[in-house]
Engineer: 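I'd like to ask you about the structure that follows.
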There are 2 protein chains.
Amino acid sequence: MLQTPTATNDTPADARVAEILAAARQAFAEKGFDGASMQDLARAAGMSVGNFYRYFASKAAIVQALIASDLEEMGRDFEPVLASDDPIAAMRQKVRIKLVEHQCSDKGALWAEITAASLRKPDIGTACGHMETTIADYMMQAFATATGISLNESRQRFGAHAALIMMLVKSSAMMPQQDATLRHDLNTLILRIIDQTLDEIAANGAKG
Amino acid sequence: MLQTPTATNDTPADARVAEILAAARQAFAEKGFDGASMQDLARAAGMSVGNFYRYFASKAAIVQALIASDLEEMGRDFEPVLASDDPIAAMRQKVRIKLVEHQCSDKGALWAEITAASLRKPDIGTACGHMETTIADYMMQAFATATGISLNESRQRFGAHAALIMMLVKSSAMMPQQDATLRHDLNTLILRIIDQTLDEIAANGAKG
DNA sequence: TCAATCAGAATGAACGTTCATTCATTATCA
DNA sequence: TGATAATGAATGAACGTTCATTCTGATTGA
């Protein structure tokens with residue numbers, strides 16, 4: 001009965017936690033980590049302040065849980081990519097989906113908040129660092145299996161490529177919604193760069 | 001005796017304001033807009049809280065002044081680029097300089113803070129929007145003179161290119177300082193993309 | 001030359017509010 | 001009944017902002 005730990009598990013308590021996290025995510029996106037009070041978070045979750053503390057010991061704990069939940073979601077996203085016959089092709093498609101997905105959600109605002117906080121709060125910086133290395137490792141596993149090189153070699157040769165792709169997806173999500181045609185043109189440019197980067201990996205993998 | 005308005009003018013009061021802004025910039029970078037109290041800002045500027053309010057009417061006013069000061073700095077940066085014989089070549093070099101400059105400063109932390117705040121505070125969002133369109137316009141002026149097309153045509157055809165370059169420079173500055181070789185490889189990739197983007201503009205300008 | 005005058009630079013205590021957190025209490029339900 | 005879930009008032013600290021007051025150095029008038 002072992003189960004992979006996910007944000008939304010099957011016990012009622014875990015479902016409640018997931019609900020609270022979703023509400024907190026929106027509240028933080030609207031008001032920021034410091035701007036959203038515990039009253040705000042409790043109200044968003046539809047409960048009293050005191051009860052809120054039964055689920056999260058502090059404000060910082062919610063932020064950490066939020067980051068952990070994002071990391072888990074990423075893991076779930078990469079699962080089919082890594083299992084695919086052509087992991088790089090799968091990544092191309094996944095990136096396309098995520099790019100338009102993030103555009104219409106408040107995830108960009110939250111990531112911007114997390115990015116800013118990670119540069120000044122050591123705890124959050126550590127959590128983000130762990131998240132980024134984990135995601136980068138997913139990508140480099142995909143690159144390794146796609147090109148036939150070892151994971152270590154993939155890490156050494158394509159670490160920057162992975163970081164670049166992450167940077168582009170993140171930055172794209174953090175863009176404010178603006179003029180539609182400009183936004184479309186920019187998306188096209190970003191996708192072209194990501195495709196080129198993946199092309200380079202696919203081409204460079206065998207002969208390196 | 002007309003003079004261009006700059007952050008640091010020659011009157012003593014303006015110099016004082018510039019000092020305060022520099023101190024506030026550091027304090028905000030360390031603690032965030034909400035995290036840094038007026039006490040913190042006043043202490044950083046070496047004065048009492050009450051006196052601080054003689055220079056800035058509110059916390060929000062300092063943030064606005066900080067953004068305006070960044071915009072002015074950008075204007076000063078672009079002045080030689082736009083006056084150059086080869087504006088695109090000048091931009092290549094300026095980007096290289098800025099990329100390493102931002103890497104060793106706390107400007108990335110502040111930009112991350114501003115980016116996050118711009119997505120939830122309308123005032124800051126407006127100011128940032130104005131800043132981005134102004135900078136984009138500088139770039140598209142450079143593209144217009146470099147390719148011989150009109151400014152309007154430059155805006156229509158290269159708006160996304162300008163946005164992409166801004167995005168890359170900003171994202172690079174907002175990266176945490178990490179493993180040196182990874183950082184170097186990533187910088188190389190980013191520069192290659194920017195160069196390619198500028199190549200495309202230079203090549204595409206004449207025939208379009 | 002020296003006191004009187006004065007503008008504005010600077011101070012830090014005080015104000016009302018909001019914050020994160022705690023806790024005594026009540027409801028729920030098995 | 002007993003354990004768990006939930007409440008919201010209470011607490012003390014910290015917040016942004018205001019303001020009565022002090023300090024400082026230049027200007028004045030004799």
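A, B, ... follow the sequence lines: proteins, then strands. Residue 1 opens every chain. Keep in mind that the numbers below use all heavy atoms, side chains included, and drop hydrogens, waters and symmetry copies.
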Engineer: The side chain of B:Asn51 is closest to which nucleotide in this list: C:dA20, D:dA6, C:dT11?
Structural biologist: C:dT11

Engineer: Taking OP1 and OP2 of C:dA10, is either one under 4.0 Å from a side-chain nitrogen or oxygen of B:Arg16?
Structural biologist: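 For C:dA10, OP1 or OP2 has a side-chain N or O of B:Arg16 closer than 4.0 Å.
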
Engineer: Closest to the A:Lys59 side chain: D:dG16, D:dG8, C:dC19?
Structural biologist: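 Between D:dG16, D:dG8, C:dC19, the one nearest the side chain of A:Lys59 would be C:dC19.
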
Engineer: So if I take every side-chain heavy atom of A:Val49 and compare against D:dC15, C:dT21, C:dT11, which nucleotide ends up nearest?
Structural biologist: C:dT21

Engineer: Can you tell me how far CE of A:Met167 sits from CD1 of A:Ile193, rounded to the nearest 0.5 angstrom?
Structural biologist: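 Here the rounded value is 9.0 Å.
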
Engineer: Going by atom types only, do B:Thr181 and B:Asp179 share a side-chain donor-acceptor pair under 3.5 Å?
Structural biologist: yes

Engineer: So B:Ala60, base contact, sugar-phosphate only, or nothing? Heavy-atom distance under 4.0 Å.
Structural biologist: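 No contact.
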
Engineer: Which nucleotide in the list D:dA6, D:dT17, C:dT21 gets nearest to the side chain of A:Tyr53?
Structural biologist: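 Nearest to the side chain of A:Tyr53 among the choices is C:dT21.
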
Engineer: Just checking, is any N or O donor in the side chain of B:Asp137 or B:Thr134 under 3.5 Å from an acceptor N or O on the other one?
Structural biologist: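 The criterion, which ignores hydrogens and geometry beyond distance, is not satisfied for B:Thr134 and B:Asp137.
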
Engineer: Could you tell me the separation between the CG atom of A:Asp34 and the C1' atom of C:dA20, rounded to a whole number of Å?
Structural biologist: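 Rounded to whole Å, this separation is 12 Å.
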
Engineer: Rounding to an integer number of Å, can you tell me how far A:Leu41 CG sits from C:dT18 P?
Structural biologist: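 A:Leu41 atom CG is separated from C:dT18 atom P by 17 Å.
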
Engineer: Whole angstrom is fine here: how far is it from CD in B:Gln39 over to P in C:dT11?
Structural biologist: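 Nearest whole value for this atom pair: 12 Å.
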
Engineer: A:Phe52 has an atom CZ; how far is it from atom C1' of D:dA5, in whole Å?
Structural biologist: 15 Å

Engineer: On DNA chain C, nearest-nucleotide positions of A:Ala57 versus B:Ser48: which is more 5'?
Structural biologist: B:Ser48

Engineer: By nearest heavy atom, map A:Arg54 and A:Gly50 onto DNA chain D; which one lands nearer the 5' end?
Structural biologist: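 That would be A:Arg54.
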
Engineer: At 4.0 Å (heavy atoms only), tell me whether B:Ala42 reaches a base, stays on the sugar-phosphate, or touches nothing.
Structural biologist: nothing

Engineer: Between A:Glu113 and B:Arg120, is there a salt bridge with N-O shorter than 4.0 Å?
Structural biologist: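 Salt bridge flag = yes for A:Glu113 with B:Arg120.
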
Engineer: What is the distance, to the nearest angstrom, from the CE atom on B:Met47 to the P atom on C:dT11?
Structural biologist: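 Interatomic distance, CE of B:Met47 to P of C:dT11: 7 Å.
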
Engineer: Is there a side-chain contact between B:Tyr55 and the phosphate of C:dA10, meaning an N or O under 4.0 Å from OP1 or OP2?
Structural biologist: yes

Engineer: Do A:Glu73 and A:Lys98 meet the salt-bridge criterion of a basic N to acidic O distance under 4.0 Å?
Structural biologist: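 Yes.
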
Engineer: Whole angstroms only, please: what is the CZ-C1' distance between A:Arg43 and D:dG8?
Structural biologist: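 Between C1' of D:dG8 and CZ of A:Arg43: 13 Å.
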
Engineer: Round to a whole Å and report the spacing from CZ of A:Phe33 to C1' of C:dC19.
Structural biologist: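 Rounded to the whole Å, the gap is 18 Å.
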
